[in-house]
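Okay, so here's the structure we're looking at.
Just so we're clear, the structure is a prediction, and the values are computed from it rather than from any experiment. Residue numbering restarts at 1 for every chain, and letters A, B, ... go by the order of the sequence lines.
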Amino acid sequence: MSDYATIGVFLLLTMAFPIAAMAASWMFRPKPKSSEDKMLPYECGVDTKGKTWIRFRVSYFLYALVFLAFDVGVVFLFPWAAKFKFLGIYAFAAMLIFISLLLIGLWYAWKEGALEWY
Amino acid sequence: MEHWFTDIAQALVNWLMGLGLSAGWADFVLLIVQWLCIVMIVTINVIILIWLERKVSGFIQLRLGPNRLGPYGAFQTIADAIKLLTKEDIIPSRTDKWIFMTAPLFFIVVSVMLYAVIPMGDGMQVVDFNVGLLYFISIGSLSTICLLMAGWGSNNKWSMLGAMRAVAQMISYEIPLAISLLGVVMIAGSLRLSDIVVAQGNIWFVLLQPIAFITYFIAATAELNRGPFDMPEAEQELTAGAYTEYTGMRWALFFLAEYTNLVAVSALCATMFFGGWQGPGLPSWLWIIIKTYLIMLVFMWMKWTFPRIRMDHLMSFSWKILLPVSLANLVLTGFGLEFFKWMGWW
């Protein structure tokens with residue numbers, strides 16, 4: 001089998017593991033009747049107030065944007081690093097320019113306050 | 001000793017092919033056996049680790065830790081597992097049912113998938129992937145989504161806050177983690193984990209890449225939501241973070257997945273920086289176990305020694321210190337290797 005097919009079969013097999021665990025627990029666990037109070041969310045014994053599914057603070061979104069930019073950048077670095085030995089000085093210079101572009105992006109995000117947690 | 005497990009695997013394949021199975025089907029049966037072994041490794045490791053963690057924390061805090069069941073309390077985790085197995089499975093009424101129910105299942109699948117590429121000895125890998133490291137990092141980062149599913153699906157304010165913190169922290173520390181490993185990749189010249197192990201025949205990469213090792217270690221602690229970086233499930237303020245609403249087996253699966261991730265990340269650390277399964281005298285599979293357990297003990301030592309870090313410090317530490325340092329390490333490694341090439345030493 002090719003590597004990818006092996007990974008695929010491995011994934012299918014692995015999915016059986018939690019299902020088997022849940023089945024085992026289903027056999028042994030008690031199944032009492034539930035009451036309405038029991039099924040409320042746990043918030044230290046006080047009835048929950050207000051909505052939970054709200055719009056969250058913007059700083060999380062800014063971090064996510066910066067993360068996305070860097071993560072895509074890092075993916076480009078992988079093949080370069082793996083073949084560094086054979087690429088020569090030109091590829092190294094090109095990658096230095098790329099890394100400095102990333103750093104300018106980091107500097108800009110920093111300057112604009114996207115990295116401030118408030 | 002050295003080739004016990006590879007010999008057993010080879011004998012199994014030969015025996016199956018002697019029965020008239022084609023090579024593909026024999027491989028398939030071997031894969032099932034390997035998978036069963038990995039599931040056993042995962043479960044046994046977690047049972048040992050939870051006991052060890054409680055013992056180590058007891059030792060550090062001048063307590064005894066578990067000491068009732070069996071010698072030195074060794075059967076405590078088994079008793080806990082039986083208790084969790086027989087606990088009720090409560091699904092609160094206001095949850096997003098499918099997301100809530102499937103989050104722990106996805107989490108454990110993701111963490112067991114990591115073991116597909118870890119070299120657990122000479123030639124003992126399920127898949128010797130040519131992009132093994134990239135696979136490890138990308139599959140490892142999927143656990144972020146599982147935590148977000150758990151937190152969002154629970155419809156509980158503690159869970160929501162915990163999940164949001166976890167996501168913010170994990171995506172921030174993922175970038176230094178990946179970049180620090182790139183320095184090792186540059187020296188080894190391959191993303192295949194077995195090649196990286198072989199490349200450390202003469203010298204461990206922790207000596208060639210000390211900055212990368214420190215960056216990786218800190219980022220990995222944060223990725224695991226452990227130690228001083230456990231803001232996502234800070235017990236004193238968020239009850240249990242994203243796991244607040246979970247009971248019984250689903251909660252146990254989360255716990256299992258957390259410790260499974262810990263073992264996987266420590267094994268990757270041993271593979272990338274400490275020569276993997278290479279070592280004198282003992283068989284290769286014993287060496288990786290010894291190294292992995294030593295690294296995990298350091299993780300536990302850190303967890304019970306340092307106080308928890310504040311959220312804003314945690315985020316700015318990743319973006320303003322770790323990321324520039326790991327990029328500088330990458331550039332430094334590049335210059336060093338170019339110099340070595342120019343001198344004709346490499």
Side-chain angles (χ1 to χ4, degrees), chain A residues 1 3 6-7 9-11 13-15 17-19 21-22 24-26 28-32 34 36 38-44 48 50 52-53 56-57 59-60 63-64 66-67 70-71 74-75 77-78 81-86 89 92 95-96 99 102-103 106 109-110 115-118, chain B residues 24 27-28 31-32 35 39 85-90 92-94 104-105 108-109 112-113 116 126-130 134 152 154-158 160 164 168 171-172 174-175 178-179 182 185-186 189-191 239 244-245 248-249 253 311-312 315-316 319-320 323-324 327 330-331 334 337-338:
Chain A
M1 281 188 282
D3 286 348
T6 316
I7 289 286
V9 176
F10 194 83
L11 174 66
L13 285 172
T14 309
M15 280 174 177
F17 176 50
I19 292 169
M22 287 314 294
S25 116
W26 181 80
F28 292 114
R29 73 180 174 228
K31 294 152 195 108
S34 62
E36 196 187 330
K38 184 177 170 183
M39 290 300 151
L40 285 178
Y42 169 76
E43 271 161 31
C44 301
T48 176
T52 306
W53 290 330
F56 235 69
R57 272 218 318 257
S59 63
Y60 288 90
Y63 272 108
V66 182
F67 161 75
F70 270 88
D71 213 30
V74 169
V75 168
L77 289 172
F78 266 93
K83 284 290 164 226
F84 182 79
K85 196 172 181 175
F86 309 104
I89 201 96
F92 183 49
M95 207 36 96
L96 278 182
I99 289 173
L102 280 181
L103 280 176
L106 181 69
W110 196 331
L115 306 183
E116 293 303 320
W117 189 265
Y118 48 84
Chain B
D27 274 355
F28 182 71
L31 180 62
I32 293 175
W35 176 77
V39 168
L85 196 66
T86 53
K87 282 280 179 185
E88 198 187 336
D89 184 21
I90 298 175
S93 53
R94 300 189 189 175
L105 312 187
I108 188 73
V109 168
V112 174
M113 284 300 284
V126 178
V127 190
D128 198 4
F129 228 172
N130 57 358
L134 189 64
W152 182 266
S154 290
N155 197 359
N156 178 320
K157 292 181 184 70
W158 304 138
M160 184 70 177
M164 280 300 185
I171 62 174
S172 300
E174 208 173 289
I175 293 166
I179 294 179
L182 281 174
V185 172
M186 279 162 77
S190 175
L191 289 168
T239 334
T244 305
E245 292 289 353
M249 201 61 206
L253 284 178
M311 195 67 196
D312 55 339
M315 298 298 282
S316 59
W319 288 103
K320 296 178 183 172
L323 178 61
L327 277 173
L330 195 69
V331 173
L337 289 179
E338 284 297 336

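One distance of note links CD1 of Ile171(B) with CG of Asp71(A); it measures 9.0 Å at 0.5 Å rounding. Rounding to the nearest 0.5 angstrom, the gap separating the CD1 atom in Ile175(B) from the CZ atom in Phe67(A) is 5.5 Å. In this structure, CD1 in Ile179(B) is found 8.0 Å from CD1 in Ile99(A), a value given to the nearest 0.5 Å. To the nearest 0.5 Å, the span separating CE on Met22(A) from CG on Asp89(B) amounts to 4.5 Å.
If you measure heavy-atom distances from Val66(A) to chain B, the contacts under 4.5 Å come from both the backbone and the side chain. With a 4.5 Å cut-off on non-hydrogen atoms, Val331(B) touches chain A through its backbone and its side chain both. Only the side chain of Trp110(A) comes within less than 4.5 Å of a heavy atom of chain B; its backbone N, CA, C and O stay farther away. Contact annotation for Leu106(A): only side-chain heavy atoms (C-beta onward) come within less than 4.5 Å of a heavy atom of chain B. Of the atoms belonging to Glu88(B), heavy atoms from both backbone and side chain fall under 4.5 Å from chain A. Using a 4.5 Å cut-off between heavy atoms, Thr244(B) contacts chain A through its side chain alone, with no backbone atom that close. For a residue to count as touching a neighbouring chain, one of its non-hydrogen atoms must lie under 4.5 Å from one of that chain's; by this rule Ile32(B) touches chain A with backbone and side chain alike. The contact between Leu103(A) and chain B is made entirely by side chain atoms (from C-beta outward), counting heavy-atom distances below 4.5 Å. Residue Leu253(B) touches chain A through its side chain alone, counting heavy-atom pairs closer than 4.5 Å. Both the backbone and the side chain of Ile89(A) come within contact range of chain B, with heavy atoms under 4.5 Å apart.
Heavy atoms only, all atoms of each residue included: Lys87(B) and Pro30(A) are closest at C-CD, 4.1 Å. Pairing each heavy atom of Val9(A) with each of Phe28(B), the nearest pair is CG1-CE1, 3.5 Å.
The candidate from Leu13(A), Val74(A), Leu11(A) with the greatest count of non-hydrogen atom pairs under 4.5 Å with chain B is Leu13(A). Per-residue counts of heavy-atom pairs under 4.5 Å with chain B were compared for Tyr60(A), Phe10(A), Phe86(A); the largest is that of Phe10(A). If you tally non-hydrogen atom pairs under 4.5 Å between each of Ala24(A), Ala109(A), Ala21(A) and chain B, the highest count goes to Ala21(A). For the set Leu182(B), Val126(B), Asp128(B), Leu191(B), the count of heavy-atom pairs under 4.5 angstrom toward chain A peaks at Leu182(B). Your options are Met160(B), Met315(B), Glu174(B), and the one with the most heavy-atom pairs under 4.5 Å with chain A is Met315(B). Your options are Leu327(B), Val112(B), Asn155(B), and the one with the most heavy-atom pairs under 4.5 Å with chain A is Asn155(B). Ranked by heavy-atom pairs under 4.5 Å with chain B, the first of Phe28(A), Phe78(A), Trp26(A) is Phe78(A). Interface remark: of the candidates Val39(B), Asn130(B), Leu323(B), Leu323(B) forms the most heavy-atom pairs closer than 4.5 Å to chain A. Comparing Ala168(B), Ala116(B), Ser316(B) by heavy-atom pairs within less than 4.5 Å of chain A, the highest count is held by Ala116(B).
Val109(B) places none of its side-chain heavy atoms less than 4.5 Å from the side chain of Phe17(A). Looking at heavy atoms from C-beta onward, Leu105(B) lies out of side-chain contact with Met15(A) at the 4.5 angstrom threshold. Contact annotation: the side chain of Leu337(B) never approaches that of Phe92(A) to less than 4.5 Å [non-hydrogen atoms, C-beta and beyond].
Between Phe70(A) and Trp319(B), the angle of the ring planes goes over 60°, which puts this pair in the perpendicular group of the 30/60° scheme.
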